[in-house]
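Quick notes on the structure that follows.
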Amino acid sequence: MNFPKWKEILIACVCAFGILFALPNILPQSLLNNLPGFLPNKKVSLGLDLSGGAHLLLEVDLASVENDYLNQELDAVRQTLRKESIPYASNFPKSIAKDQKIVEFDLKDTSKVGKARSVLASIDSDFKVEISGTHVKLTPSEEALKIRKANAVDRSIESIRKRVDDTGTKEPNIQKQGEDRILLQIPGLQDPSRVKELLGKTAKLTFRLVDESAPTINEKKDAVAPLGSMYVESDTGGYIAVKKHVIVGGENLVSAGLTTDEFGNAAVSFAFNKIGGKKFGDATKANINKRFAILLDNKVISAPVIKSAITGGHGIISGNFTTETAHDLSILLKAGALPAPLHVIEEKTVGPDLGADSIHSGILATVVSGLFVLVFMYLWYSSFGMIANIAVVVNLILLFAGLSCLQATLTLPGIAGIALTVGMAVDANVLINERIKEYIRKGDKLIKAIEKGYDLAMTSIIDTNLNTIIGMSCLYYFGTGPVKGFAITTILGTVISLFTSTTLTRYIVSVLLKNKYSVKIPM
(Lines give C-alpha, C1' and ligand atoms only; values in the text may rest on other atoms or scores of the structure.)
Protein backbone atom coordinates (compact mmCIF):
# COMPACT_ATOMS: atom_id res chain seq x y z
CA MET A 1 0.00 0.00 0.00
CA ASN A 2 3.07 2.27 -0.01
CA PHE A 3 3.51 4.42 -3.14
CA PRO A 4 6.91 6.03 -3.84
CA LYS A 5 6.88 9.75 -4.59
CA TRP A 6 7.72 9.30 -8.28
CA LYS A 7 4.73 7.01 -8.75
CA GLU A 8 2.40 9.53 -7.07
CA ILE A 9 3.69 12.27 -9.37
CA LEU A 10 3.25 10.01 -12.43
CA ILE A 11 -0.36 9.18 -11.48
CA ALA A 12 -1.15 12.88 -10.96
CA CYS A 13 0.46 13.83 -14.29
CA VAL A 14 -1.46 11.16 -16.23
CA CYS A 15 -4.78 12.35 -14.77
CA ALA A 16 -3.92 16.03 -15.32
CA PHE A 17 -2.85 15.51 -18.94
CA GLY A 18 -5.98 13.44 -19.53
CA ILE A 19 -8.19 16.29 -18.36
CA LEU A 20 -6.18 18.80 -20.42
CA PHE A 21 -6.46 16.83 -23.68
CA ALA A 22 -10.11 15.84 -23.14
CA LEU A 23 -11.24 19.40 -22.30
CA PRO A 24 -11.39 20.70 -25.94
CA ASN A 25 -14.27 18.27 -26.61
CA ILE A 26 -16.62 20.27 -24.35
CA LEU A 27 -15.34 23.77 -25.19
CA PRO A 28 -16.90 25.90 -27.97
CA GLN A 29 -14.88 26.16 -31.18
CA SER A 30 -14.67 29.97 -30.87
CA LEU A 31 -12.81 29.59 -27.57
CA LEU A 32 -10.52 26.89 -28.95
CA ASN A 33 -9.53 29.16 -31.85
CA ASN A 34 -8.29 31.79 -29.39
CA LEU A 35 -6.25 29.42 -27.23
CA PRO A 36 -2.42 29.68 -27.32
CA GLY A 37 -0.81 27.32 -29.80
CA PHE A 38 0.95 25.23 -27.13
CA LEU A 39 -2.35 24.16 -25.53
CA PRO A 40 -4.23 21.08 -26.81
CA ASN A 41 -7.06 22.04 -29.17
CA LYS A 42 -7.93 18.80 -30.97
CA LYS A 43 -11.41 17.34 -30.70
CA VAL A 44 -12.47 13.76 -31.33
CA SER A 45 -13.17 13.29 -35.06
CA LEU A 46 -16.74 12.15 -35.68
CA GLY A 47 -17.41 9.42 -38.21
CA LEU A 48 -19.83 9.54 -41.09
CA ASP A 49 -22.69 8.02 -39.11
CA LEU A 50 -22.42 10.79 -36.49
CA SER A 51 -21.55 13.91 -38.48
CA GLY A 52 -23.33 13.06 -41.74
CA GLY A 53 -21.65 13.07 -45.13
CA ALA A 54 -21.00 11.00 -48.24
CA HIS A 55 -20.00 7.34 -48.50
CA LEU A 56 -18.54 6.03 -51.75
CA LEU A 57 -17.25 2.54 -52.44
CA LEU A 58 -14.95 2.64 -55.47
CA GLU A 59 -13.60 -0.21 -57.56
CA VAL A 60 -10.25 0.02 -59.33
CA ASP A 61 -10.41 -1.40 -62.86
CA LEU A 62 -7.59 -3.93 -62.44
CA ALA A 63 -8.37 -5.46 -65.84
CA SER A 64 -7.31 -2.11 -67.31
CA VAL A 65 -4.06 -2.23 -65.29
CA GLU A 66 -3.29 -5.68 -66.68
CA ASN A 67 -4.20 -4.57 -70.20
CA ASP A 68 -1.94 -1.49 -69.98
CA TYR A 69 0.92 -3.69 -68.79
CA LEU A 70 0.52 -6.03 -71.77
CA ASN A 71 0.29 -3.12 -74.22
CA GLN A 72 3.47 -1.58 -72.77
CA GLU A 73 5.20 -4.90 -73.34
CA LEU A 74 3.78 -5.00 -76.87
CA ASP A 75 5.22 -1.55 -77.67
CA ALA A 76 8.58 -2.51 -76.18
CA VAL A 77 8.61 -5.72 -78.27
CA ARG A 78 7.77 -3.84 -81.48
CA GLN A 79 10.53 -1.26 -80.93
CA THR A 80 13.09 -3.92 -79.96
CA LEU A 81 12.38 -6.11 -83.01
CA ARG A 82 12.67 -3.11 -85.33
CA LYS A 83 15.92 -2.01 -83.69
CA GLU A 84 17.40 -5.51 -84.00
CA SER A 85 16.12 -5.87 -87.62
CA ILE A 86 14.03 -8.93 -86.77
CA PRO A 87 11.02 -9.00 -89.16
CA TYR A 88 7.62 -10.02 -87.84
CA ALA A 89 4.51 -11.20 -89.68
CA SER A 90 1.46 -9.10 -90.49
CA ASN A 91 -0.46 -10.65 -87.60
CA PHE A 92 1.53 -8.53 -85.11
CA PRO A 93 -1.23 -7.00 -82.92
CA LYS A 94 -1.83 -3.26 -82.90
CA SER A 95 -2.99 -3.53 -79.31
CA ILE A 96 -3.97 -6.16 -76.73
CA ALA A 97 -7.67 -6.76 -76.11
CA LYS A 98 -8.84 -6.57 -72.50
CA ASP A 99 -9.73 -10.24 -72.29
CA GLN A 100 -6.38 -11.34 -73.73
CA LYS A 101 -3.75 -12.38 -71.17
CA ILE A 102 -0.75 -12.85 -73.48
CA VAL A 103 1.22 -11.12 -76.23
CA GLU A 104 1.53 -13.37 -79.29
CA PHE A 105 2.58 -12.98 -82.93
CA ASP A 106 4.62 -14.70 -85.66
CA LEU A 107 8.10 -14.04 -86.93
CA LYS A 108 8.84 -13.91 -90.68
CA ASP A 109 12.37 -15.29 -90.72
CA THR A 110 13.07 -18.67 -89.06
CA SER A 111 16.79 -17.87 -89.00
CA LYS A 112 16.12 -15.03 -86.59
CA VAL A 113 14.32 -17.18 -84.00
CA GLY A 114 17.39 -17.65 -81.76
CA LYS A 115 18.20 -13.96 -81.78
CA ALA A 116 14.53 -13.09 -81.17
CA ARG A 117 14.45 -15.38 -78.14
CA SER A 118 17.43 -13.68 -76.49
CA VAL A 119 16.36 -10.07 -77.18
CA LEU A 120 12.75 -10.70 -76.11
CA ALA A 121 13.91 -12.31 -72.84
CA SER A 122 15.95 -9.19 -72.09
CA ILE A 123 12.98 -6.80 -72.37
CA ASP A 124 11.21 -7.81 -69.17
CA SER A 125 12.27 -10.68 -66.93
CA ASP A 126 8.70 -10.95 -65.62
CA PHE A 127 7.50 -12.24 -69.00
CA LYS A 128 7.95 -15.88 -70.00
CA VAL A 129 9.06 -16.22 -73.64
CA GLU A 130 7.84 -19.26 -75.58
CA ILE A 131 8.64 -19.77 -79.29
CA SER A 132 7.17 -22.70 -81.21
CA GLY A 133 8.39 -22.65 -84.80
CA THR A 134 7.95 -18.98 -85.65
CA HIS A 135 5.03 -18.41 -83.26
CA VAL A 136 5.97 -16.23 -80.28
CA LYS A 137 4.03 -16.13 -77.01
CA LEU A 138 4.87 -13.81 -74.09
CA THR A 139 3.11 -14.51 -70.80
CA PRO A 140 3.42 -12.27 -67.70
CA SER A 141 4.08 -13.99 -64.36
CA GLU A 142 1.25 -14.03 -61.82
CA GLU A 143 3.51 -12.47 -59.19
CA ALA A 144 4.37 -9.52 -61.48
CA LEU A 145 0.68 -8.92 -62.23
CA LYS A 146 -0.17 -9.14 -58.53
CA ILE A 147 2.47 -6.56 -57.60
CA ARG A 148 1.43 -4.25 -60.43
CA LYS A 149 -2.24 -4.41 -59.40
CA ALA A 150 -1.43 -3.80 -55.73
CA ASN A 151 0.67 -0.77 -56.70
CA ALA A 152 -2.18 0.54 -58.86
CA VAL A 153 -4.59 0.40 -55.90
CA ASP A 154 -2.05 2.13 -53.60
CA ARG A 155 -1.39 4.86 -56.18
CA SER A 156 -5.15 5.28 -56.68
CA ILE A 157 -5.59 5.83 -52.93
CA GLU A 158 -2.86 8.46 -52.95
CA SER A 159 -4.35 10.22 -55.99
CA ILE A 160 -7.84 10.13 -54.43
CA ARG A 161 -6.48 11.61 -51.20
CA LYS A 162 -4.81 14.49 -53.06
CA ARG A 163 -7.90 15.22 -55.15
CA VAL A 164 -10.27 15.17 -52.17
CA ASP A 165 -7.93 17.22 -49.94
CA ASP A 166 -7.54 19.93 -52.59
CA THR A 167 -11.32 20.45 -52.73
CA GLY A 168 -11.11 21.79 -49.15
CA THR A 169 -12.76 18.73 -47.60
CA LYS A 170 -11.44 17.93 -44.12
CA GLU A 171 -10.86 14.58 -42.45
CA PRO A 172 -11.75 12.22 -45.34
CA ASN A 173 -11.58 8.54 -44.45
CA ILE A 174 -9.92 6.55 -47.27
CA GLN A 175 -9.38 2.82 -46.79
CA LYS A 176 -8.46 -0.12 -48.96
CA GLN A 177 -11.05 -2.92 -49.01
CA GLY A 178 -10.11 -6.29 -50.41
CA GLU A 179 -7.87 -6.38 -53.48
CA ASP A 180 -9.54 -3.82 -55.74
CA ARG A 181 -11.90 -1.63 -53.72
CA ILE A 182 -11.45 1.68 -51.94
CA LEU A 183 -13.81 3.07 -49.31
CA LEU A 184 -14.14 6.85 -49.31
CA GLN A 185 -16.06 8.58 -46.51
CA ILE A 186 -16.28 12.37 -46.44
CA PRO A 187 -17.91 13.74 -43.25
CA GLY A 188 -20.06 16.82 -43.75
CA LEU A 189 -20.34 16.47 -47.54
CA GLN A 190 -23.99 16.30 -48.60
CA ASP A 191 -23.56 16.46 -52.38
CA PRO A 192 -20.91 14.01 -53.62
CA SER A 193 -21.49 14.77 -57.32
CA ARG A 194 -18.45 17.05 -57.68
CA VAL A 195 -16.15 14.58 -55.91
CA LYS A 196 -17.50 11.77 -58.13
CA GLU A 197 -16.77 13.88 -61.20
CA LEU A 198 -13.19 14.50 -60.05
CA LEU A 199 -12.65 10.83 -59.27
CA GLY A 200 -14.24 9.73 -62.54
CA LYS A 201 -11.47 11.34 -64.58
CA THR A 202 -8.25 9.47 -65.08
CA ALA A 203 -6.57 12.86 -65.73
CA LYS A 204 -3.89 11.64 -68.12
CA LEU A 205 -2.36 14.81 -69.56
CA THR A 206 -0.33 14.90 -72.79
CA PHE A 207 1.02 17.65 -75.04
CA ARG A 208 1.11 16.83 -78.78
CA LEU A 209 1.52 18.73 -82.02
CA VAL A 210 -1.54 19.29 -84.21
CA ASP A 211 -1.29 17.71 -87.68
CA GLU A 212 -1.90 20.76 -89.88
CA SER A 213 -2.15 18.58 -93.02
CA ALA A 214 -5.42 17.01 -91.84
CA PRO A 215 -8.67 18.99 -91.67
CA THR A 216 -10.86 19.27 -88.57
CA ILE A 217 -13.91 17.03 -89.02
CA ASN A 218 -17.35 16.99 -87.42
CA GLU A 219 -17.86 13.20 -87.45
CA LYS A 220 -15.10 10.67 -86.88
CA LYS A 221 -16.78 7.63 -88.45
CA ASP A 222 -14.62 6.42 -91.32
CA ALA A 223 -12.19 9.36 -91.33
CA VAL A 224 -8.56 8.22 -91.59
CA ALA A 225 -5.82 10.39 -90.11
CA PRO A 226 -2.41 10.65 -91.84
CA LEU A 227 0.27 8.12 -90.88
CA GLY A 228 1.62 8.90 -87.40
CA SER A 229 -1.46 10.92 -86.44
CA MET A 230 -4.88 10.25 -84.98
CA TYR A 231 -8.22 12.02 -84.68
CA VAL A 232 -9.30 12.99 -81.16
CA GLU A 233 -12.39 14.77 -79.88
CA SER A 234 -12.13 18.48 -79.06
CA ASP A 235 -13.85 20.39 -76.27
CA THR A 236 -14.90 23.02 -78.79
CA GLY A 237 -16.61 20.40 -80.97
CA GLY A 238 -15.50 18.17 -83.83
CA TYR A 239 -12.33 16.12 -84.11
CA ILE A 240 -8.75 17.36 -84.50
CA ALA A 241 -5.86 15.37 -85.96
CA VAL A 242 -2.89 15.28 -83.59
CA LYS A 243 0.49 13.59 -83.80
CA LYS A 244 0.74 10.29 -81.92
CA HIS A 245 4.14 11.30 -80.60
CA VAL A 246 3.84 12.83 -77.13
CA ILE A 247 5.96 15.96 -76.68
CA VAL A 248 5.70 15.81 -72.89
CA GLY A 249 3.32 14.10 -70.47
CA GLY A 250 1.68 14.83 -67.14
CA GLU A 251 4.31 12.77 -65.32
CA ASN A 252 6.68 15.73 -65.83
CA LEU A 253 4.34 18.23 -64.15
CA VAL A 254 5.45 19.54 -60.75
CA SER A 255 2.68 22.07 -60.05
CA ALA A 256 -0.62 23.45 -61.35
CA GLY A 257 -2.92 26.20 -60.14
CA LEU A 258 -5.80 28.54 -60.90
CA THR A 259 -4.89 31.75 -62.76
CA THR A 260 -6.21 34.08 -65.49
CA ASP A 261 -5.14 34.54 -69.11
CA GLU A 262 -4.32 37.80 -70.89
CA PHE A 263 -8.05 38.52 -71.33
CA GLY A 264 -8.89 37.99 -67.65
CA ASN A 265 -10.56 34.62 -68.22
CA ALA A 266 -10.06 31.65 -65.90
CA ALA A 267 -7.07 29.51 -66.86
CA VAL A 268 -4.70 26.93 -65.40
CA SER A 269 -1.02 27.61 -64.84
CA PHE A 270 1.44 24.74 -64.90
CA ALA A 271 5.14 24.07 -64.40
CA PHE A 272 7.28 21.18 -65.60
CA ASN A 273 10.29 19.63 -63.97
CA LYS A 274 13.72 20.13 -65.54
CA ILE A 275 13.35 17.25 -68.03
CA GLY A 276 9.80 18.22 -69.03
CA GLY A 277 10.75 21.89 -69.31
CA LYS A 278 13.59 21.11 -71.72
CA LYS A 279 11.42 18.82 -73.90
CA PHE A 280 8.64 21.44 -73.98
CA GLY A 281 11.08 24.28 -74.73
CA ASP A 282 12.79 22.38 -77.58
CA ALA A 283 9.45 21.36 -79.13
CA THR A 284 7.96 24.88 -79.05
CA LYS A 285 11.18 26.40 -80.38
CA ALA A 286 11.13 24.04 -83.39
CA ASN A 287 7.42 24.57 -84.15
CA ILE A 288 6.75 28.32 -83.94
CA ASN A 289 3.47 29.38 -85.65
CA LYS A 290 2.20 25.82 -85.43
CA ARG A 291 -0.48 24.57 -83.08
CA PHE A 292 0.04 22.14 -80.23
CA ALA A 293 -2.81 20.30 -78.53
CA ILE A 294 -3.26 19.79 -74.81
CA LEU A 295 -5.09 16.50 -74.24
CA LEU A 296 -6.76 15.38 -71.02
CA ASP A 297 -7.87 11.74 -71.11
CA ASN A 298 -7.47 11.72 -74.93
CA LYS A 299 -9.69 14.76 -75.39
CA VAL A 300 -8.35 18.12 -76.64
CA ILE A 301 -9.04 20.83 -74.04
CA SER A 302 -6.97 23.52 -75.79
CA ALA A 303 -5.05 23.85 -79.08
CA PRO A 304 -3.21 27.21 -79.11
CA VAL A 305 -0.71 28.48 -81.67
CA ILE A 306 2.94 28.52 -80.58
CA LYS A 307 3.87 32.20 -80.91
CA SER A 308 7.36 31.84 -79.44
CA ALA A 309 9.56 29.30 -77.71
CA ILE A 310 8.20 28.55 -74.22
CA THR A 311 11.26 28.10 -72.07
CA GLY A 312 11.57 27.88 -68.32
CA GLY A 313 9.07 25.06 -68.05
CA HIS A 314 6.08 27.32 -67.23
CA GLY A 315 2.88 27.89 -69.18
CA ILE A 316 -0.86 28.54 -69.09
CA ILE A 317 -3.73 26.39 -70.33
CA SER A 318 -6.61 28.60 -71.47
CA GLY A 319 -9.91 27.54 -72.96
CA ASN A 320 -13.63 27.56 -72.24
CA PHE A 321 -13.11 27.42 -68.47
CA THR A 322 -15.18 28.75 -65.62
CA THR A 323 -13.42 29.45 -62.33
CA GLU A 324 -14.71 26.15 -60.94
CA THR A 325 -13.75 24.01 -63.95
CA ALA A 326 -10.29 25.60 -64.08
CA HIS A 327 -9.85 24.94 -60.35
CA ASP A 328 -10.96 21.34 -60.79
CA LEU A 329 -8.52 20.85 -63.66
CA SER A 330 -5.66 22.21 -61.55
CA ILE A 331 -6.63 19.74 -58.79
CA LEU A 332 -6.55 16.85 -61.25
CA LEU A 333 -3.18 17.87 -62.65
CA LYS A 334 -1.61 18.34 -59.22
CA ALA A 335 -2.92 14.99 -57.96
CA GLY A 336 -1.56 13.18 -61.00
CA ALA A 337 -3.21 10.66 -63.28
CA LEU A 338 -5.00 7.67 -61.88
CA PRO A 339 -3.23 4.43 -62.82
CA ALA A 340 -6.62 2.90 -63.71
CA PRO A 341 -10.25 4.00 -64.04
CA LEU A 342 -12.41 4.03 -60.90
CA HIS A 343 -16.02 2.84 -60.81
CA VAL A 344 -18.51 3.87 -58.11
CA ILE A 345 -20.24 0.65 -57.03
CA GLU A 346 -21.92 1.95 -53.87
CA GLU A 347 -23.02 5.42 -52.85
CA LYS A 348 -25.00 6.75 -49.92
CA THR A 349 -25.44 10.04 -48.13
CA VAL A 350 -26.03 10.38 -44.39
CA GLY A 351 -27.88 13.52 -43.35
CA PRO A 352 -26.70 15.58 -40.35
CA ASP A 353 -30.06 15.07 -38.61
CA LEU A 354 -29.57 11.31 -38.64
CA GLY A 355 -26.07 11.82 -37.26
CA ALA A 356 -27.41 14.08 -34.50
CA ASP A 357 -30.00 11.44 -33.58
CA SER A 358 -27.27 8.80 -33.48
CA ILE A 359 -25.13 10.93 -31.15
CA HIS A 360 -28.10 11.63 -28.87
CA SER A 361 -29.10 7.96 -28.74
CA GLY A 362 -25.52 6.81 -28.20
CA ILE A 363 -24.86 9.31 -25.41
CA LEU A 364 -28.16 8.44 -23.74
CA ALA A 365 -27.37 4.71 -23.87
CA THR A 366 -23.87 5.28 -22.48
CA VAL A 367 -25.10 7.56 -19.67
CA VAL A 368 -27.93 5.22 -18.64
CA SER A 369 -25.69 2.14 -18.69
CA GLY A 370 -23.01 4.07 -16.81
CA LEU A 371 -25.43 5.20 -14.12
CA PHE A 372 -26.64 1.63 -13.59
CA VAL A 373 -23.05 0.48 -13.18
CA LEU A 374 -22.19 3.32 -10.77
CA VAL A 375 -25.27 2.78 -8.61
CA PHE A 376 -24.69 -0.99 -8.50
CA MET A 377 -21.05 -0.58 -7.49
CA TYR A 378 -21.91 1.85 -4.68
CA LEU A 379 -24.77 -0.27 -3.31
CA TRP A 380 -22.79 -3.52 -3.48
CA TYR A 381 -19.33 -2.37 -2.37
CA SER A 382 -19.95 0.88 -0.47
CA SER A 383 -16.67 2.88 -0.14
CA PHE A 384 -14.78 0.56 -2.49
CA GLY A 385 -17.61 0.87 -4.99
CA MET A 386 -17.38 4.67 -4.90
CA ILE A 387 -13.61 4.47 -5.46
CA ALA A 388 -14.27 2.22 -8.47
CA ASN A 389 -16.79 4.78 -9.74
CA ILE A 390 -14.16 7.53 -9.56
CA ALA A 391 -11.89 5.27 -11.62
CA VAL A 392 -14.65 4.85 -14.24
CA VAL A 393 -15.02 8.63 -14.60
CA VAL A 394 -11.24 9.05 -14.95
CA ASN A 395 -11.25 6.18 -17.45
CA LEU A 396 -13.75 8.02 -19.66
CA ILE A 397 -11.75 11.26 -19.43
CA LEU A 398 -8.53 9.50 -20.40
CA LEU A 399 -10.36 7.64 -23.20
CA PHE A 400 -11.55 10.88 -24.81
CA ALA A 401 -8.09 12.38 -24.31
CA GLY A 402 -6.58 9.40 -26.15
CA LEU A 403 -9.11 9.60 -28.99
CA SER A 404 -8.40 13.33 -29.34
CA CYS A 405 -4.61 12.84 -29.42
CA LEU A 406 -4.77 9.99 -31.92
CA GLN A 407 -7.43 11.81 -33.97
CA ALA A 408 -9.23 8.47 -34.13
CA THR A 409 -12.64 8.60 -35.81
CA LEU A 410 -15.52 8.06 -33.38
CA THR A 411 -18.42 6.15 -34.94
CA LEU A 412 -21.73 4.91 -33.54
CA PRO A 413 -20.23 1.45 -32.88
CA GLY A 414 -17.38 3.37 -31.24
CA ILE A 415 -19.89 4.83 -28.78
CA ALA A 416 -21.05 1.25 -28.14
CA GLY A 417 -17.40 0.43 -27.42
CA ILE A 418 -17.31 3.26 -24.86
CA ALA A 419 -20.45 1.89 -23.19
CA LEU A 420 -18.80 -1.53 -23.10
CA THR A 421 -15.65 0.01 -21.64
CA VAL A 422 -17.67 1.46 -18.73
CA GLY A 423 -18.77 -2.04 -17.77
CA MET A 424 -15.33 -3.53 -18.32
CA ALA A 425 -13.67 -0.75 -16.31
CA VAL A 426 -15.37 -1.96 -13.10
CA ASP A 427 -14.94 -5.63 -13.95
CA ALA A 428 -11.43 -5.65 -12.50
CA ASN A 429 -12.62 -3.85 -9.36
CA VAL A 430 -15.40 -6.42 -8.88
CA LEU A 431 -12.74 -9.13 -8.97
CA ILE A 432 -10.46 -7.23 -6.55
CA ASN A 433 -13.29 -6.40 -4.13
CA GLU A 434 -14.51 -9.99 -4.03
CA ARG A 435 -10.96 -11.15 -3.28
CA ILE A 436 -10.73 -8.58 -0.45
CA LYS A 437 -14.01 -9.83 1.02
CA GLU A 438 -12.76 -13.42 0.71
CA TYR A 439 -9.58 -12.72 2.73
CA ILE A 440 -11.47 -10.71 5.37
CA ARG A 441 -13.76 -13.70 5.85
CA LYS A 442 -10.64 -15.83 6.37
CA GLY A 443 -9.62 -13.54 9.23
CA ASP A 444 -7.12 -11.15 7.62
CA LYS A 445 -7.03 -7.52 8.73
CA LEU A 446 -8.42 -4.95 6.27
CA ILE A 447 -5.04 -3.62 5.03
CA LYS A 448 -3.61 -7.13 4.61
CA ALA A 449 -6.78 -8.24 2.81
CA ILE A 450 -6.55 -5.21 0.48
CA GLU A 451 -2.93 -5.98 -0.40
CA LYS A 452 -3.72 -9.63 -1.10
CA GLY A 453 -6.85 -8.72 -3.05
CA TYR A 454 -4.94 -6.42 -5.44
CA ASP A 455 -1.86 -8.62 -5.76
CA LEU A 456 -3.57 -11.97 -6.30
CA ALA A 457 -6.27 -10.62 -8.62
CA MET A 458 -3.70 -9.02 -10.95
CA THR A 459 -2.96 -12.19 -12.95
CA SER A 460 -6.63 -12.78 -13.72
CA ILE A 461 -7.16 -9.11 -14.59
CA ILE A 462 -4.21 -9.06 -17.02
CA ASP A 463 -5.31 -12.33 -18.65
CA THR A 464 -8.88 -11.07 -19.15
CA ASN A 465 -7.84 -7.70 -20.56
CA LEU A 466 -5.14 -9.22 -22.76
CA ASN A 467 -7.69 -11.56 -24.34
CA THR A 468 -9.98 -8.58 -24.99
CA ILE A 469 -7.15 -6.60 -26.59
CA ILE A 470 -6.17 -9.54 -28.83
CA GLY A 471 -9.77 -10.02 -29.98
CA MET A 472 -10.29 -6.32 -30.63
CA SER A 473 -6.94 -6.09 -32.46
CA CYS A 474 -8.14 -8.77 -34.87
CA LEU A 475 -11.38 -6.81 -35.38
CA TYR A 476 -9.36 -3.67 -36.09
CA TYR A 477 -6.97 -5.42 -38.50
CA PHE A 478 -9.57 -7.33 -40.49
CA GLY A 479 -12.54 -4.98 -40.05
CA THR A 480 -13.44 -1.78 -41.88
CA GLY A 481 -15.06 1.55 -41.04
CA PRO A 482 -17.47 1.26 -38.09
CA VAL A 483 -16.01 -2.08 -36.96
CA LYS A 484 -12.60 -0.42 -36.59
CA GLY A 485 -14.24 2.39 -34.61
CA PHE A 486 -15.67 -0.14 -32.16
CA ALA A 487 -12.32 -1.93 -31.89
CA ILE A 488 -10.20 1.18 -31.30
CA THR A 489 -12.40 2.54 -28.49
CA THR A 490 -12.56 -0.87 -26.81
CA ILE A 491 -8.77 -1.39 -27.05
CA LEU A 492 -8.03 2.10 -25.75
CA GLY A 493 -10.60 1.78 -22.97
CA THR A 494 -9.25 -1.64 -21.94
CA VAL A 495 -5.64 -0.40 -21.75
CA ILE A 496 -6.70 2.65 -19.73
CA SER A 497 -8.84 0.51 -17.39
CA LEU A 498 -5.69 -1.47 -16.45
CA PHE A 499 -4.35 1.79 -15.04
CA THR A 500 -7.53 3.18 -13.49
CA SER A 501 -8.94 -0.03 -11.99
CA THR A 502 -5.70 -1.25 -10.43
CA THR A 503 -3.10 1.50 -9.93
CA LEU A 504 -5.46 4.48 -9.48
CA THR A 505 -7.98 2.79 -7.18
CA ARG A 506 -5.18 1.25 -5.09
CA TYR A 507 -3.58 4.68 -4.73
CA ILE A 508 -6.88 6.27 -3.65
CA VAL A 509 -7.41 3.52 -1.04
CA SER A 510 -3.87 3.99 0.29
CA VAL A 511 -4.35 7.77 0.61
CA LEU A 512 -7.64 7.30 2.47
CA LEU A 513 -6.13 4.75 4.88
CA LYS A 514 -3.06 6.88 5.56
CA ASN A 515 -5.29 9.83 6.41
CA LYS A 516 -7.37 7.67 8.79
CA TYR A 517 -10.56 7.83 6.71
CA SER A 518 -13.06 5.07 7.22
CA VAL A 519 -13.01 2.60 4.33
CA LYS A 520 -15.67 -0.10 4.46
CA ILE A 521 -16.66 -3.00 2.30
CA PRO A 522 -20.00 -4.76 2.97
CA MET A 523 -19.66 -8.42 3.80
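The figures here come from the full heavy-atom set of this structure, side chains too, leaving out hydrogens, waters and symmetry mates. Everything numeric in this text was worked out from a predicted model, so none of it was measured.
- Interatomic distance, NZ of K514 versus CD1 of I447, reported as 10.5 Å (0.5 Å rounding).
- With sequence neighbours excluded, the residues that form a side chain to side chain donor-acceptor pair (under 3.5 Å) with E346 are H55.
- A428 pairs by the side chain to side chain contact (heavy atoms under 4.5 Å, CB included) definition with I461, S501, not counting sequence neighbours.
- Residues passing the side chain to side chain donor-acceptor pair (under 3.5 Å) test with D126, sequence neighbours excluded: none.
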Which atom pairs, donor and acceptor, lie under 3.5 Å between side-chain atoms of residues 8-27 and protein residues at least two apart or in another chain?
{"unit_1": "N25", "atom_1": "OD1", "unit_2": "V44", "atom_2": "N", "d": "2.8"}
{"unit_1": "N25", "atom_1": "ND2", "unit_2": "A22", "atom_2": "O", "d": "3.1"}
{"unit_1": "N25", "atom_1": "ND2", "unit_2": "S404", "atom_2": "OG", "d": "2.9"}

Exercise answer: donor-acceptor pairs, residues 335-343 side-chain atoms, under 3.5 Å, sequence neighbours excluded:
none

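- The minimum heavy-atom distance linking S269 with T259 is given by the pair N-CG2, 3.5 Å.
- Y69 has its ring centre less than 6.0 Å from the ring centre of F127.
- Shortest non-hydrogen contact noted between I102 and L70 is N-CD1, 4.3 Å.
- Every residue two or more places apart in sequence or in another chain was checked for a salt bridge (charged side-chain N to carboxylate O under 4.0 Å, His left out) with K43, and none qualifies.
- Closest approach of A391 and L504 over heavy atoms only: CA-CD2, 4.3 Å.
- Nearest heavy atoms, G493 versus T421: CA-CG2, 3.4 Å.
- Note: Y378 and F376 fail the aromatic proximity criterion, with ring centroids not under 6.0 Å apart.
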Pair D444-K452, salt bridge (charged side-chain N to carboxylate O under 4.0 Å, His left out): steps then yes or no: CA-CA 9 Å; D444 287 337; K452 284 185 176 180; 3.1 Å; yes
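- Between the side chain of N71 and the backbone N or O of N67 there is at least one donor-acceptor pair closer than 3.5 Å.
- Within the model, atoms OG1 of T464 and CG of L498 stand 10.0 Å from one another, a figure rounded to the nearest 0.5 Å.
- Partners of D427 by salt bridge (charged side-chain N to carboxylate O under 4.0 Å, His left out), not counting sequence neighbours: none found.
- Looking at M458 and T502, their side chains come closer than 4.5 Å, going by heavy atoms from C-beta outward.
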Trace of the salt bridge (charged side-chain N to carboxylate O under 4.0 Å, His left out) decision for K146 with E142: CA-CA 6 Å; K146 186 178 179 181; E142 289 299 322; over 6 Å; no
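- Residue pairs satisfying the ring pair (Phe, Tyr, Trp, His ring centres under 6.0 Å) criterion with at least one member in residues 386-442, sequence neighbours excluded, are absent.
- When every heavy atom of A326 is checked against every heavy atom of F321, the shortest pair comes out as CB-CB, 4.0 Å.
- Applying the salt bridge (charged side-chain N to carboxylate O under 4.0 Å, His left out) criterion to K274, with sequence neighbours excluded, gives no partner residue.
- For the salt bridge (charged side-chain N to carboxylate O under 4.0 Å, His left out) test, no residue two or more places apart in sequence or in another chain qualifies with E179.
- For T325, the side chain to side chain donor-acceptor pair (under 3.5 Å) partners are T322, not counting sequence neighbours.
- With sequence neighbours excluded, no residue forms a side chain to side chain donor-acceptor pair (under 3.5 Å) with K348.
- Under a 3.5 Å cut-off, the side chain of N252 and the backbone N or O of V248 do not form any donor-acceptor pair.
- The backbone N or O of T494 sits less than 3.5 Å from a side-chain atom of S497, completing a donor-acceptor pair.
- Side-chain N or O atoms of T505 include none that pairs as donor or acceptor with a backbone N or O of A388 at under 3.5 Å.
- Of all non-hydrogen atoms in I123 and A76, the two that sit nearest each other are CG2-CB, 3.8 Å.
- Put simply, CD1 on I390 and CG on N395 are 13.5 Å apart, with the number rounded to the nearest 0.5 Å.
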